[in-house]
Amino acid sequence: MEIERETRKRLDKIINDSLPDFDALCRNVIQGQVEIALKKAQSSGKLPEFEIPDIPVSIPKLPVHGDFTYPAMRLSRLAKKNPLIIAETIKNNMPRSVFVDEMEIIPPGFLNFFSDSGHFAELEKRILVGWVDVIIDDFEQLLPLYIGEDKQAQVEFVSANPSGPITIGHTRNAVVGDAMARLLEAAGYTVQREYYYNNAGNQMIVLGKSLMLRYLQQLGDAIDFPDDYYQGDYLVEVAADLARQHGDGLRDSDWQRFKDVAETRMFAWINRSLAAIDIKHDDFYNETSLFESRKIWRVLDALRANGHIYESSHREGADAAEVADTKEKAYQPATWFRSTTFGDEKDRVMVKSDGAPTYTLPDIAYHCDKLKRGFDVAVNVLGADHFSQAAVVKYGLRALKLNPDPIHVIFIQMVRAVRRNKESGEHEAIKQSKRAGDFDTLDDLVAMTSADAVRYHMLARSPNSQLDFDVDQVVKQTNENPVYYIQNAYVRCAGIFREAEERGFDDDGADLNLLDAVELKFIRKSLELGNVIEQAVTNYEPHKIAFFAHELAAIFHPIYDQARVLHSEVPPGVAKARLRFYRAAAVVFHRILRLMGMTTPERM
RNA sequence: GCUCCAGUAGCUCAGUGGAUAGAGCAUUGGUUUCCUAAACCAAGUGUCGCAGGUUCGAGUCCUGCCUGGAGCGCCA
C-alpha cells in the first residue's frame, strides 16, 4: 500500500516536471517503478543491499523489443547476481502501471516493457494531439531556451585576412560558425558574431605593395611582379579602378595607402560573398587596434611580471645543434614566452629580434580582451592548421592567470573541392586556380550551385572529418539533392495552404483526434528538436541539425502521399485535422531551415 | 621523429558502451483523374583499416601497428 502511494506521488511529480518531453515522462515513470521494485526486492532480501544507480529506461530501436527497456545487466556487478535473475526479480516486484501490461526478459538481461492494452498509446496520442496547436502557436517554447537564459555567447568565425576572396575552406568555417550561432540563439543565448583579422602583419604589407605594383602596371610602367606577391587577378581589377578614378595621381603614394584601399575593397567583397549565404557578422575586430591601444604590450608586461618571459637568442632547453643553428643565422636576442611551463612542447617567440611581435602575442591579447568582455561561452571556429596556435593562446591566458574555459574551439578539417575524372572515375582535387570552370571561391560555389546547397553540404558533416566537396554531385545532381528534399517538405505544405485558400477551405474547429498514427509520429519526432539543439550546443556539434532535418523530411514525405487534405475521398472533418497538422509541420520545417541558414521557398 | 584528425556499403558520409550497424548518391523494378513526382513503394549491398585488451556487451573506451591528411620556424 505504502509503495503504491509512493508510486502515485512520484508519478504526479514527474508529470509536472517533464511534461514538455513525453518520452522522458514515460521513461522516468518506468525507471521510478523499476527503482521501487528494486528497493522492494532489497527489503525482502531477494537482492542484496546496494545503492541503486541511475540507469535510464530507453526506447528500443526495434518494436519487437517492446515500448521501453531497462538493461538489468548493468546491475549484475553490484548485485553479484546473474543479470537474468535480476531482471526476473524486478519483474516480480514491479508495481502496477498504466504504461506496462507485459514484461519480457531477453538475454543478456534486457527487461522489456509492453503496453498491449492501449493505455500507453492512448495517453501518447492525447499528448501528441495537444502538441499540434502548441507547435503552431509557439514552437519556441519547445526549444531549450533555458540553457542560455541570461547568458552571453560569442562565435568567432571566418576570420580570414582581407587579402583575397572567401575560399572553399573559409566557406566551411563560415557555415559551421553561423549555424553554431543560430543554434546558440535557439538555446536562449544572446549571441555576438565576431570576425577577427590580422591586418598588422607582413601579409598586409605585401598586399599593399602588390596593389601598388599592379597600379603602376596600369599606368604603363614595366614592372617585374614578384612571385611571392599576391597573384590574383582581382588586384588587377582594383588597380584598374584606381587608375580610372585617380589617373596617375597616386604614383607617389606609399604602400600604406594601397594597403588601406585593398583592405577596404577586400572586406566589401568578403561581406558581399558572405551575405549571399545569409551570413553577417556583428563585429569586426582588427589586430591593429591592439597595437593602437597598446594592449599587446600590456599583455607582454603582465606575462613578464608573472615570470614567464625571457630574452635569449635561442629557446631554453634547445639542444646543441639548434643553438649552433641560431648562431649560424646570427640571431639577436628575441623575447620568449616560457609556454613549456603550461605543457607546451617548446617555448614560443613573442617578439622577434627585429622588434616586431609574432602573431601569437596579439592573438593572446585578443583572447585576453575577449575573456574580459565576459562571455559565458566563446566559440572559436578555426582551421585544423591552427591547432598548435590555439593551444599556445590558451597557455598564454593561463600565464595571465585567466580562466580559458569559456573558450571552446571547433576545429574544421581540410576541405577541398573535387570532381570526378570522367575517364578514371577517381575523385580529383580541383586545383587552386582561377581558370574558368574551376571552383575555389565561395562566389564560384554559389554561382554554380545555390546558397542553400552550399550551406547544407558544408554543414552536413562532422567538422573533424576532412571534407571532399564533390562539385559534380552538388551541381549536376541538384534534383536529387538532400537540400531540395528538405526544402520540398516546406514547399509542399505551402502548396496545400495555397490550394486550401483558393477553395475557401479552412481548419476552423478541427478535431485533431482524427489524425492518424503517421502524423503523430511526425509530431513526436518534431519534439526531439529540443534535444538535438541541446546536444548540438553542449557538444559544439552544429552538423547534428542537418541530419535531423533530413530524418524529419523522410518521415514527412510519405505522410504527404498518404494523408491528403483536399481530396474528394477525404471527409471534411479529417481534412480539417490534416490541414491543421500541415500547419504545424510547416512551422517545424521553417524553424529548422532557418536554423541552418537556408531559405524557405513557397514554391520550387 | 612528436602531436592532432580521419579510416564504416561501389561513392560521399552519419552513428549517446546496448539487441539484427544506418542515410543519401549510384543500381534494379513498380506507383500519378483531385494539395507540384525535386515525391512515394519495393529490392540487394558490409572483414566497421589490422591485432590485442577492458566490459555481461565495443564501430564507439584503452594499447600497439598500417594508411591518408594537418600541425610541429625569430611564417602569416
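Order of the sequence lines sets the chain letters (A, B, ...), proteins ahead of strands, with each chain counted from 1.
- Among the protein residues, A:H567 comes within range of the nucleic acid bases, having at least one heavy atom under 4.0 Å from a base atom.
- A donor-acceptor pair under 3.5 Å is absent between the side-chain atoms of A:D507 and the main chain of A:L579, judged by distance alone.
- Proximity of A:T358 to the phosphate of B:rG73: no side-chain N or O atom is located under 4.0 Å from OP1 or OP2.
- In this structure, A:K346 reaches the B:rG73 phosphate: one of its side-chain N or O atoms is under 4.0 Å from OP1 or OP2.
- Between A:F589 and A:F522, the two ring planes are tilted [angle within 30° to 60°].
- Residue-level contact check: A:S58 touches neither bases nor backbone, having no heavy atom under 4.0 Å from any strand.
- Between the CD1 atom of A:I555 and the C1' atom of B:rC40 there is a distance of 15 Å, rounded to whole Å.
- For B:rG73, the OP1/OP2 oxygens have no side-chain nitrogen or oxygen of A:H314 closer than 4.0 Å.
- Nucleotides of RNA chain B nearest to A:R603 and A:K544 differ in position, and the one nearer the 5' end is that of A:K544.
- Searching all strands for a Watson-Crick or G-U wobble partner of B:rC61 with both distances below 3.5 Å returns B:rG53.
- Atoms CG (A:D319) and P (B:rG1) sit 17 Å apart, rounded to a whole Å.
- Side chains of A:Q487 and A:D452: a donor on one and an acceptor on the other come within 3.5 Å.
- Taking the centre and axis of the six-membered ring of A:F505, the NZ or CZ atom of A:K576 falls inside the cone set by 45° and 6.0 Å.
- Heavy atoms of A:L467 sit under 4.0 angstrom from primed sugar atoms or phosphate atoms, though from no base atom.
- The ring pair (Phe, Tyr, Trp, His ring centres under 6.0 Å) with A:Y197 is formed by just one residue from the set A:F157, A:F267, A:Y359; it is A:F267.
- When both distances must be under 3.5 Å, the Watson-Crick or G-U wobble mate of B:rG46 does not exist.
- Where stacking is scored as ring centres under 5.5 Å apart with planes under 30°, A:F387 does not register as stacked on the base of B:rG71.
- A donor-acceptor pair is defined here as one N or O able to donate and one able to accept, closer than 3.5 Å; such a pair exists between the side chain of A:W336 and the backbone of A:S312.
- Pairing of B:rA14, defined by two Watson-Crick or G-U wobble distances under 3.5 Å, is not identified with any nucleotide.
- Contacts of A:S313 with the nucleic acid, taken as non-hydrogen atoms under 4.0 Å apart, include base atoms.
- Between A:Y582 and A:F556, the ring planes lie perpendicular to each other; the angle is over 60°, past the 30° to 60° tilted range.
- Rounded to an integer number of Å, the gap from CZ of A:F497 to P of B:rC35 is 16 Å.
- Residue A:Y456 contributes atom OH, which lies 14 Å from atom P of B:rA23 at whole-angstrom precision.
- A:Q487 comes within 4.0 angstrom of nothing in the nucleic acid, heavy atoms only.
- The residue A:F110 sits close to a base: some heavy atom pair falls under 4.0 Å.
- In this structure, the CE atom of A:M73 is 9 Å from the P atom of B:rA19, given to the nearest Å.
- Within the shown strands, nothing qualifies as a pairing partner of B:rU20 under the Watson-Crick or G-U definition with both distances less than 3.5 Å.
- A:R564 has a side-chain polar atom (N or O) that falls below the 4.0 Å cut-off from OP1 or OP2 of B:rC35.
- For the pair A:Y485 OH and B:rA39 C1', the interatomic distance rounds to 8 Å; values are reported in whole Å.
- Residue A:S388 is in sugar-phosphate contact alone, with no base atom involved, counting any heavy-atom pair closer than 4.0 Å across all strands shown.
- At the heavy-atom level, A:N112 lies under 4.0 Å from base atoms of the strands shown.
- Residue A:Q562 is out of contact with every strand shown, counting any heavy-atom pair closer than 4.0 Å.
- By the stacking rule of 5.5 Å between ring centres and under 30° between planes, A:H65 stacks on the base of B:rA19.
- Close to B:rU32, at under 4.0 Å from its OP1 or OP2, lies no side-chain N or O of A:Y560.
- For the pair A:R461 CZ and B:rU8 C1', the computed distance is 15 Å after rounding to whole Å.
- A:Y310 and A:D347 form a side-chain donor-acceptor contact under 3.5 Å, judged by distance and modelled atom types alone.
- Map A:N202 and A:V565 each onto its nearest nucleotide of RNA chain B; the residue landing nearer the 5' end is A:V565.
- B:rA21 and B:rC65 are spaced 25 Å apart, taking the C1' atom of each and rounding to whole Å.
- Nearest to the side chain of A:R503, among B:rC34, B:rA38, B:rG18, sits B:rC34.
- In this structure, the aromatic ring of A:Y331 is positioned over the six-membered ring of the base of B:rC74, centres within 5.5 Å and planes within 30°.
- OP1 or OP2 of B:rC56 lies within a sub-4.0 Å distance of a side-chain N or O belonging to A:R77.
- Across all strands, A:Q203 comes closer than 4.0 Å only to sugar-phosphate atoms, never to a base (heavy-atom distances).
- As judged by a 4.0 angstrom heavy-atom cut-off over every strand, A:P83 is placed among residues making no nucleic acid contact.
- Annotation: A:F411 is in aromatic contact with A:F387 [ring centroid separation under 6.0 Å].
- Side chain A:T69 to base B:rA19: a donor-acceptor pair is found below 3.5 Å.
- Using a 4.0 Å heavy-atom cutoff across all strands shown, A:S465 reaches sugar-phosphate atoms only and no base atom.
- Using a 4.0 Å heavy-atom criterion, one finds that A:H386 contacts no nucleic acid atom at all.
- Comparing the C1' positions of B:rU60 and B:rU55 gives an interatomic distance of 13 Å, to the nearest angstrom.
- Contact between the side-chain N/O atoms of A:R492 and the OP1/OP2 oxygens of B:rA37 is found at a separation under 4.0 Å.
- If you check every strand for non-hydrogen atoms under 4.0 Å, A:G109 touches nothing.
- Across all strands shown, nothing is found opposite B:rA37 as a Watson-Crick or G-U wobble partner with both distances under 3.5 Å.
- Nucleotides B:rG18 and B:rC61, compared at atom C1', are 14 Å apart to the nearest Å.
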